Novice: 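What follows is a single structure, and I will ask about it in a moment.
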Amino acid sequence: AEHEAARALREANPEREPLSARYGSCCPICREDWDVNQTPTLHTCCFQLVCGSCASKAGTEVCPLCRTPGPKTFAEQLARVRRYADNDDPEAISYLGNAYRDGEMGVVKSMKKAAKLYKRAVELGNLQATFSLASMYYEGDGVKLDKKKARQLFQMASDRGHATAHFNLANHLSREGQMEEAFRLYKMAAEQGLTSSQYNVGVCYEKVVGVERDLDEARRWYALAAAKGHERAIKSLAKLAPA
């Protein structure tokens, strides 16, 4: 019975999955956990990630990990990415999908090509591509609008501990009136440090959304989001300040 209870608890609160087997759970330089509110810098020479802080300190002339000079042109950068992508590297395929989605690295923006690449990366198990593809299905960008498919993909990413997927799925559930489950997901994302979700958890505790009212908890979560500059959290915290 104890083992079953432990298993149920793990399933209800999945551990956050590392960005990938290659990237692990923290920056390889400072060893700090990845910040879910920021996009880390990827070096296309060795296809390794470093956090934004370490990237800014290192500059762009030489990779701080493999010491390879940075690409001089978009064509050189793109060639590096394609070399990995052609070898079925899921992170490279997802990265190439980002390039087509945003029209970066000198490629012509194509949502259809981006979706095709994301689908391949998802097949290879890439977590970020799963989230990106879900967003495309939700908006109908590059694929036929399919919110059911979007939700399935958000659920897949959420089940693997993706903080923003927790948040997006919680938004879906709240619109459907499933407030308790929405709160659970908001809190999971908040515990991973997602600022927008920390604010939402504060709202839930203050406004009795899926959880009993607890103004001390509301203040605590508002304070966490406010410390990161979240304007609505700052205002909500001020309103709840003790007289």
Side-chain angles (χ1 to χ4, degrees), residues 8-21 23 25 33-40 42 49 90-91 93-102 110-204 209-211 221 225 230 232:
L9 183 62
R10 286 195 302 273
E11 290 178 351
N13 298 279
E15 292 184 10
R16 180 183 174 188
E17 182 174 305
L19 289 178
S20 74
Y23 301 147
S25 59
D33 288 345
W34 300 115
D35 185 343
V36 297
N37 299 291
Q38 298 179 358
T39 301
L42 186 142
L49 288 176
E91 284 78 30
I93 294 170
S94 180
Y95 191 83
L96 190 57
N98 294 344
Y100 277 105
R101 179 193 65 192
D102 302 328
S110 172
M111 300 303 281
K112 288 185 177 180
K113 286 185 178 180
K116 183 177 180 180
L117 287 161
Y118 286 145
K119 287 176 182 178
R120 179 56 181 154
V122 170
E123 289 173 356
L124 294 170
N126 185 268
L127 178 56
Q128 185 57 43
T130 304
F131 176 80
S132 298
L133 186 59
S135 299
M136 294 181 78
Y137 273 111
Y138 187 78
E139 298 295 337
D141 287 333
V143 293
K144 185 177 179 180
L145 179 69
D146 189 337
K147 294 197 174 183
K148 181 178 180 181
K149 180 67 174 178
R151 178 168 173 172
Q152 289 173 345
L153 288 164
F154 279 134
Q155 184 69 63
M156 286 173 59
S158 178
D159 288 344
R160 293 170 62 188
H162 192 288
T164 312
H166 292 329
F167 180 79
N168 283 23
L169 190 55
N171 287 339
H172 289 307
L173 293 171
S174 66
R175 285 192 288 269
E176 294 174 359
Q178 300 182 49
M179 298 308 182
E180 291 185 5
E181 180 63 9
F183 170 76
R184 185 181 75 85
L185 289 166
Y186 281 138
K187 193 171 183 182
M188 286 169 63
E191 288 170 346
Q192 288 177 217
L194 190 66
T195 305
S196 54
S197 216
Q198 290 174 334
Y199 167 73
N200 279 19
V201 170
V203 171
C204 288
V209 179
V211 66
W221 287 105
H230 194 289
R232 295 174 70 182

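Note that the structure is a prediction, hence the values are computed from the model and not measured.
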Novice: With sequence neighbours left out, what residues match Ala170 under side-chain contact (heavy atoms from CB on, under 4.5 Å)?
Specialist: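 With neighbours one apart ignored, the set is Ala182, Leu185, Tyr186.
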Novice: Mind listing the closest non-hydrogen atom pair of Ala165 and Ala157 along with its distance?
Specialist: CB-CB, 3.6 Å
Novice: Do Lys187 and Arg184 make a side-chain contact, defined as non-hydrogen atoms from C-beta onward lying under 4.5 Å apart?
Specialist: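 No, every pair of side-chain atoms sits at 4.5 Å or beyond.
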Novice: Checking side-chain polar atoms at under 3.5 Å, does Gln128 have a donor or acceptor matched by the opposite partner on His162?
Specialist: yes
Novice: List the residues meeting salt bridge (charged side-chain N to carboxylate O under 4.0 Å, His left out) with Glu180, not counting sequence neighbours, and say none if there are none.
Specialist: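 Salt bridge (charged side-chain N to carboxylate O under 4.0 Å, His left out) list for Glu180, sorted by chain: empty.
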Novice: Rounded to the nearest 0.5 Å, what's the gap from CG on Leu127 to CD on Glu91? Could you check?
Specialist: 10.0 Å
Novice: So, using salt bridge (charged side-chain N to carboxylate O under 4.0 Å, His left out) as the criterion, who are the partners of Arg120 when residues are at least two apart?
Specialist: Asp88, Glu123
Novice: Please enumerate all residues that pass side chain to side chain donor-acceptor pair (under 3.5 Å) together with Thr164, with sequence neighbours excluded.
Specialist: none
Novice: I'd like to check the side-chain contact (heavy atoms from CB on, under 4.5 Å) partners of Lys149; sequence neighbours left out, ordered by chain and number.
Specialist: Tyr137, Asp146, Gln152, Leu153
Novice: Could I get the full list of side chain to side chain donor-acceptor pair (under 3.5 Å) partners for His230, not counting sequence neighbours?
Specialist: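 Side chain to side chain donor-acceptor pair (under 3.5 Å) list for His230, sorted by chain: empty.
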Novice: Examine distances only and state if a side-chain atom of Asn37 and a backbone atom of Thr195 form a donor-acceptor pair shorter than 3.5 Å.
Specialist: yes
Novice: Using side-chain contact (heavy atoms from CB on, under 4.5 Å) as the criterion, list what pairs up with Ser110, not counting sequence neighbours.
Specialist: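 Testing Ser110 for side-chain contact (heavy atoms from CB on, under 4.5 Å), a comparison that skips the adjacent residues, returns Tyr100, Lys112, Lys113.
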Novice: Indicate the atoms forming the closest heavy-atom contact of Gln192 with Ala163, along with that distance.
Specialist: NE2-CB, 3.2 Å
Novice: Main chain of Asn171, side chain of Ser174: is a donor-acceptor contact present, judged purely on distance under 3.5 Å?
Specialist: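 Yes; at least one donor-acceptor contact below 3.5 Å.
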Novice: Please examine the side chains of Leu173 and Glu176, heavy atoms only from C-beta on, and report whether any two atoms are closer than 4.5 Å.
Specialist: yes
Novice: Heavy-atom distance under 4.5 Å between the side chains of Phe131 and Phe154, does that happen here?
Specialist: yes
Novice: Which residue in the set Thr130, Asn98, Val143 passes side-chain contact (heavy atoms from CB on, under 4.5 Å) when paired with Tyr118?
Specialist: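 Output: one option passes, namely Asn98.
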Novice: For a quick test of reading the model, state the closest non-hydrogen atom pair linking Phe183 to Cys204 and the distance between them.
Specialist: CD1-CB, 3.5 Å
Novice: In chain order, what residues pass the side-chain contact (heavy atoms from CB on, under 4.5 Å) check against Ser196, with sequence neighbours excluded?
Specialist: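 Listed in chain order: Phe167, Leu194.
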Novice: Quick check: closest heavy atoms across Gly142 and Met136, and the distance to 0.1 Å?
Specialist: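 Minimum heavy-atom separation between Gly142 and Met136: CA-CE, 4.2 Å.
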Novice: Mind checking what makes side chain to side chain donor-acceptor pair (under 3.5 Å) contact with Asp141, not counting sequence neighbours?
Specialist: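 Partners of Asp141 under the side chain to side chain donor-acceptor pair (under 3.5 Å) test: none.
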Novice: Which heavy atom of Ser158 sits nearest to which heavy atom of His166, and what is that distance?
Specialist: OG-ND1, 2.7 Å
Novice: Going by heavy atoms in the side chains, are Ser132 and Arg101 under 4.5 Å from each other?
Specialist: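 Heavy-atom side-chain distance check passes, below 4.5 Å.
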Novice: Which distance, rounded to the nearest 0.5 Å, do you find between the CG of Asn126 and the OH of Tyr95?
Specialist: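 If we round to the nearest 0.5 Å, Asn126:CG and Tyr95:OH are 13.5 Å apart.
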Novice: NZ/Lys119 to CG/Leu133 distance, rounded to the nearest 0.5 angstrom?
Specialist: 6.5 Å
Novice: Grab the two heavy atoms, one from Ala134 and one from Ala150, that are nearest each other, plus how far apart they are.
Specialist: O-CB, 3.3 Å
Novice: Under the salt bridge (charged side-chain N to carboxylate O under 4.0 Å, His left out) rule, collect the residues that match up with Glu139, sequence neighbours excluded.
Specialist: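 Glu139 satisfies salt bridge (charged side-chain N to carboxylate O under 4.0 Å, His left out) with no other residue.
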Novice: Rounded to the nearest 0.5 Å, how far does CG of Asn168 lie from OH of Tyr138?
Specialist: 8.5 Å
